[in-house]
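Letters A, B, ... are given to chains in the order of the sequence lines, protein chains preceding strands, and every chain is numbered from 1.
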Amino acid sequence: MGPANRRRWLAAAAGSILVLAFAALLAIGLTEPLRWSTTLWAGGFRHGSLVQPPFPLLSRLDVFDVDAHSGGNHLFLLGSDAGGRDLLGLVARGAVPSLGIVALVVAVRLVVGLLAGLAIGLGSRTVRTISRGMGRWVVGFPYLALAVIMIQALGGGSRLLAFAVGMAVVGWRDIAEVVAQRIEYVRGQPFTDAARVLGTGSLTFFRLHVLPFVRGPLAVEIPFQASAVLVLLAELGYLQIYLSGAIRLFDVGNNGAPFVANVLVQNPELGELLAGTRSYILSGQLEPAVVPAVAIAVMALAFELVGIALRGRVRFMAP
Amino acid sequence: MAWPNLGLAALAVTLVALLLLSWMPNRWRGAQAIAPFGLQFAGIVILTWALVGTARGNLPPPPLELPPTPPSAAGIVHATLVALGKSAILMALATGWGTAVGLGAAVAMVLRRGRYRFLVPVATVMWVIPTFLLAIMVQELQVRIYGATGVVVTGGYGGSTALQVFWAALVLGIRPAAYVFRQVSVNLEQEVGALHVRTALAKGLTWRAVVRRHIVRPALAGILSAWVSSFRLMIGSLPLVEFFFAFPGLGQSLLLALGLTYGIQGYTGSPQPDLAVALVVAMAALLVIVETGVVVAQAWFDPRLQAVRAEAA
């Protein structure tokens with residue numbers, strides 16, 4: 001087995017292990033009763049000492065809610081957030097809608113990128129110039145600022161649609177370039193001239209001669225795009241841009257005036273769990289910030305490794 | 001401010017320059033290579049103005065006191081230039097160390113004939129780690145240094161001290177360094193397989209000389225292309241890093257001008273659409289200048305590109 005093949009198999013193995021490990025963690029988190037990740041716990045007792053949230057990693061506590069009713073004993077495997085909600089449960093329940101949003105955004109990017117790539121690869125010179133020009137406008141924007149502005153601009157209607165469009169706008173160009181390059185390669189092949197001479201229709205030509213060359217690179221792009229979208233989702237969540245509503249926890253400052261000490265997002269997806277990162281860091285409580293961030297990084301790495309493994313396979317099988 | 005007018009003016013200047021230079025064959029190719037950047041700048045100004053204007057109606061009311069009267073045009077220009085200056089220092093440091101490390105690691109891997117191949121998975125992991133997680137790790141490192149030595153190394157928060165710039169540049173430069181390493185190592189490996197490299201080795205040149213003259217030099221155009229992509233990435237991450245460290249540069253000012261808020265503990269952004277457009281225009285202008293410089297440098301390093309571009313035109 002050559003070194004390139006070996007690297008490909010290593011990447012595939014590492015990616016698969018990460019996916020399986022994450023799936024196992026999700027399964028454990030999803031089997032927990034819902035109340036541990038939705039109810040706000042005011043505090044807990046460990047060996048007779050009172051502990052306030054966020055609870056640390058691997059802590060087993062007798063918790064009580066804001067009305068001082070006992071909630072029972074629970075092992076917080078990955079700790080809790082500032083509201084005492086189990087982070088393992090939150091991450092597990094947040095991963096499902098996150099992956100849904102990622103799938104939606106990647107699908108939109110694929111559609112837009114494919115259409116733009118077709119326009120660049122097959123279109124007239126004018127269409128190609130306009131398509132490339134639009135791509136240049138997008139690439140000249142700081143991607144995060146563009147996503148924020150697009151989501152705010154479209155936020156008057158459906159929030160999910162605003163997210164899908166805002167996040168898709170910043171990434172379709174890579175797909176368009178890949179599709180355009182493959183189409184331009186096919187157009188330069190002798191069989192293209194032969195097909196034209198034989199009178200092959202455009203749709204038939206696309207199905208028989210273009211699609212097989214485009215499928216492989218697109219399949220490689222999907223995991224890379226998924227990785228990028230997941231990280232973008234996390235960055236937006238950190239900047240307090242998220243889909244769901246939020247609970248604000250207040251504290252009293254030195255001057256006696258109340259201020260917002262923390263933000264707890266309701267039914268959060270993974271990126272939204274990072275909305276309170278800044279306050280956790282300022283308070284020196286890193287687990288509630290690090291746990292969801294590491295979960296996202298692990299998932300993004302798994303997607304990236306799968307993409308690397310697929311890229312090696314596509315190159316191996318390329319004509 | 002008349003942002004549409006500025007965008008249209010940039011468009012008009014670019015088109016007029018193209019028209020005039022079309023009469024000069026010697027300058028025409030260069031004009032064709034640079035004109036897209038003028039159009040890019042014009043498009044970004046108009047697009048930003050349109051989007052920010054649309055977004056203004058959808059923003060929620062700020063949770064704290066209303067902002068003071070919107071600043072004048074001179075105030076916006078002053079605020080933009082001050083933020084641009086601070087961000088320019090930060091980006092110069094970040095791109096400097098990121099490029100040096102990424103390029104150096106890639107060249108070292110080629111020099112040692114693949115002995116440093118372990119850097120490839122390291123670069124992959126660094127590339128995938130979200131920027132804010134890197135920032136959290138840096139903050140944890142600061143805490144541990146303080147715990148071990150008693151020395152405060154944070155550089156404060158919300159200011160632009162030397163230490164603050166250092167830490168922000170460290171975080172900002174990590175992903176571009178990983179990107180430059182990955183792209184440059186691919187470019188260099190392609191050159192290593194070239195016939196002229198085998199010829200040079202067969203002639204008896206040392207490996208070090210071959211790498212310097214026949215591998216790195218021909219790959220410089222590709223290296224510059226990788227560098228400009230990493231610079232674009234860095235500008236993309238700039239708002240997040242500056243927001244994290246509360247560094248008063250272009251990125252943080254932009255997010256606050258878009259009405260984003262820290263949401264907690266007092267500091268709130270207030271929507272200032274004109275300032276937001278000005279800050280985006282400043283970032284876009286910076287990117288356009290850098291990209292134009294790279295296009296010129298690429299043609300100088302690799303004369304074959306001039307012929308390819310002329311043919312494409």
Side-chain angles (χ1 to χ4, degrees), chain A residues 3 7 10-11 14 132-134 136-146 148-156 162 170 227 230-231 234-235 238-241 246 248 251 253 259-263 274-279 281-282 284 286 289-290 293-294 296-297 300-301 303-305 308, chain B residues 36-37 39-41 43-44 47-48 50-59 63 114 117 120-121 124-125 127-133 136-137 139-140 143 157 232-233 235-240 243-244 250-251 254-255 258-266 276 279-280 283-284 287-288 291:
Chain A
R7 281 196 295 273
L10 271 173
R132 281 225 150 92
M134 287 174 63
R136 290 183 75 96
W137 284 3
V138 168
V139 91
F141 246 102
Y143 72 89
L144 198 54
L146 179 59
V148 169
I149 293 172
M150 286 293 299
I151 289 169
Q152 285 180 341
L154 300 170
V170 299
S227 172
L230 197 53
V231 171
E235 291 174 345
Y238 172 76
L239 294 174
Q240 316 271 322
I241 297 173
R248 287 188 156 73
D251 201 344
F259 64 91
V260 178
N262 218 314
V263 173
L274 299 164
T277 297
R278 188 171 177 276
S279 69
I281 290 169
L282 288 175
L286 290 184
V290 167
V294 168
I296 288 167
L301 181 61
F303 282 129
E304 188 86 7
L305 289 170
I308 290 170
Chain B
F37 298 110
L39 299 173
Q40 182 180 335
F41 178 75
I44 286 170
L47 191 65
T48 311
L51 287 173
V52 170
T54 310
R56 185 173 14 179
N58 295 331
L59 288 172
R117 200 155 280 285
V120 174
T124 301
V125 170
W127 167 249
V128 162
I129 291 178
T131 307
F132 59 84
L133 184 56
I136 292 170
M137 288 181 198
Q139 210 147 53
E140 178 68 10
V143 166
Y157 194 81
R232 224 178 272 133
L233 271 168
I235 283 199
S237 305
L238 187 71
L240 188 78
F243 195 79
F244 185 92
L250 282 175
L254 172 63
L255 292 176
L258 287 173
L260 261 66
T261 173
Y262 278 98
I264 51 170
Q265 298 181 355
L279 292 164
V280 172
M283 281 192 217
L287 195 55
V288 163
E291 286 186 338

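In this structure, Y238(A) and P130(B) have side chains that are not in contact, with every pair of non-hydrogen atoms separated by 4.5 Å or more.
Using a 4.5 Å cut-off between heavy atoms, L10(A) makes no contact with chain B at all. Contact annotation for L230(A): neither backbone nor side-chain heavy atoms come within less than 4.5 Å of a heavy atom of chain B. Using a 4.5 Å cut-off between heavy atoms, E235(A) touches chain B through backbone and side chain atoms alike. At a 4.5 Å heavy-atom cutoff, the contact between L254(B) and chain A is made by side-chain atoms alone.
Interatomic distance, CD1 of I129(B) versus CG of L301(A), reported as 8.5 Å (0.5 Å rounding). Separation of atoms CZ (F132(B)) and CG (L274(A)) is listed at 4.5 Å; rounding is to 0.5 Å. Atom CG of residue L133(B) and atom CD1 of residue I296(A) lie 9.0 Å apart, to the nearest 0.5 angstrom. Between T124(B) atom OG1 and I308(A) atom CD1 the span is 4.5 Å, to the nearest 0.5 Å. Note that CG of L144(A) and CG of L238(B) are 10.0 Å apart. Values are rounded to the nearest 0.5 Å.
The two residues Y143(A) and S237(B) come nearest to each other via the heavy atoms OH-OG, 3.6 Å.
Applying the side-chain contact (heavy atoms from CB on, under 4.5 Å) rule to L233(B) yields the partners W127(B), Y179(B); only residues at least two apart in sequence or on another chain are considered.
Per-residue heavy-atom pair counts under 4.5 Å with chain A were compared for I136(B), L279(B), L240(B), and the maximum is reached by L240(B). With chain B as the partner, the residue from A293(A), A11(A), A289(A) showing the most heavy-atom pairs under 4.5 Å is A293(A). When the candidates L146(A), V231(A), I149(A), V290(A) are compared by the number of heavy-atom contacts under 4.5 Å with chain B, I149(A) comes out ahead.
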